[in-house]
Amino acid sequence: MDLNLLKLFGTEFDLYNITNIVRGKFWNLNEQSLHDLLVSHISGNSDELLSKMISAENLKSSFMELSKTKFSEIIPSEADDIVMMNEFDRKSDLFLYNSLLREFTNMFKLSTVVSVVRLYDYGIINLSSISYAVENTISSNIVVSKIITSE
Amino acid sequence: MHDEFCRRFKFTNGLLLKIHFKNLKNFLKEKILRKTQSEIESTMGLKTEELIPRRDVTLKTLTSKNVEEVISNLKSCNFGNDIEKAVVLYNDLGEIGVIDTYLDKILYQN
């Protein structure tokens, strides 16, 4: 069993569930609907965190629940809900991208193969962003700030 | 060696399933946005569906007259209930991201 692969998928599942909760909070969904959006998880720690995020008073409090976890770096800075959501989306993309890149320290494992394929996804997303920007004459500075790459 | 092969094959199948769900997402959203059949067909490739094989599922949804018919066709694939919830929630919120969220959930659970 490739433990790195389990760790990688665990991170992706956690990020997926966290994203759904904050999106649900942004859409003002009730707690039952938020629970409906979650994918069942094997980690007890994650379940506790997700429950706290769901019962948080508002979107900002929900983000603050991440402060003592490995996801602290994806907490957006204080702003309007929509600005926080945009920042969160970008930071979570970068978080996952960097997790995939780290797999290259363990060559010849299945987790590395998975990372290569997933990184191709990011390559395609970046190419679409660039094409869209060229088509709509968006300045290159803005495009560079939006593409997903290691900083 | 055999275990390794099976694991890798499952991985490939998972990737194909991901593309299949992307097609379903696009299709459902385009149906909600009342795009025409030819407009929808131009955005989809069915090669993945041939390989999985799930071509019948996609073709059934493609020929559906409206969203309700899409849902009833997808019920036979065990994930119609989740899609129904997604459409109900979409009608309530008017937020098309709900469709993405629910279809991603089905994909992750598979």
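Convention: sequence-line order gives letters A, B, ...; per-chain numbering from 1. Only this structure's heavy atoms are used, side chains among them; waters, hydrogens and symmetry mates stay out. Values in this document were obtained by computation on a predicted structure and should not be read as measured data.
- Within the structure, salt bridge (Lys or Arg N to Asp or Glu O under 4.0 Å) contacts touching residues 111-123 of chain A (residues at least two apart or in different chains) are A/Glu12-A/Arg118, A/Arg118-A/Asp121, A/Asp121-B/Lys18.
- With a 6.0 Å radius and a threshold of 12 heavy atoms from other residues, nucleotides or ligands, A/Glu57 has its CD atom at or below the threshold.
- Using a 4.5 Å cut-off between heavy atoms, A/Asp36 contacts chain B through both its backbone and its side chain.
- Looking at A/Leu38, only its backbone comes within 4.5 Å of chain B, counting heavy atoms on both sides.
- For the 3.5 Å distance criterion, the side chains of A/Glu103 and A/Thr112 fail to qualify, holding no donor opposite an acceptor.
- Both A/Phe104 and A/Leu5 are assigned to one and the same hydrophobic cluster, defined by single-linkage of ILVMFWY side chains at heavy-atom distances under 4.5 Å.
- No side-chain donor from either of A/Asn126 and A/Ser129 sits under 3.5 Å from a side-chain acceptor of the other.
- Shown here is A/Lys70, whose NZ atom has more than 12 heavy atoms of other residues, nucleotides or ligands within 6.0 Å.
- Taking CG of A/Leu66 as the reference point, atom CZ of A/Phe88 lies at 7.0 Å (rounded to 0.5 Å).
- Among the residues in residues 27-35 of chain B, none has a non-hydrogen atom closer than 4.5 angstrom to a non-hydrogen atom of chain A.
- For A/Val117, the part lying near chain B is the side chain, with the backbone staying farther off; criterion is any non-hydrogen pair under 4.5 Å.
- A salt bridge links A/Lys60 with A/Glu78: at least one charged nitrogen is closer than 4.0 Å to a carboxylate oxygen.
- Using a 3.5 Å distance cut-off with no hydrogens or angles, the side chains of B/Thr36 and B/Glu39 do pair a donor with an acceptor.
- Here CD1 of A/Ile18 is found 11.0 Å from CD of A/Glu65. Values are rounded to the nearest 0.5 Å.
- Every residue was checked against the salt bridge (charged side-chain N to carboxylate O under 4.0 Å, His left out) condition with B/Lys22, not counting sequence neighbours, and none meets it.
- For residues 94-108 of chain B, heavy-atom neighbours of chain A at less than 4.5 Å comprise B/Glu95, B/Gly97, B/Val98, B/Thr101, B/Tyr102, B/Asp104, B/Lys105, B/Tyr108, sorted by residue number.
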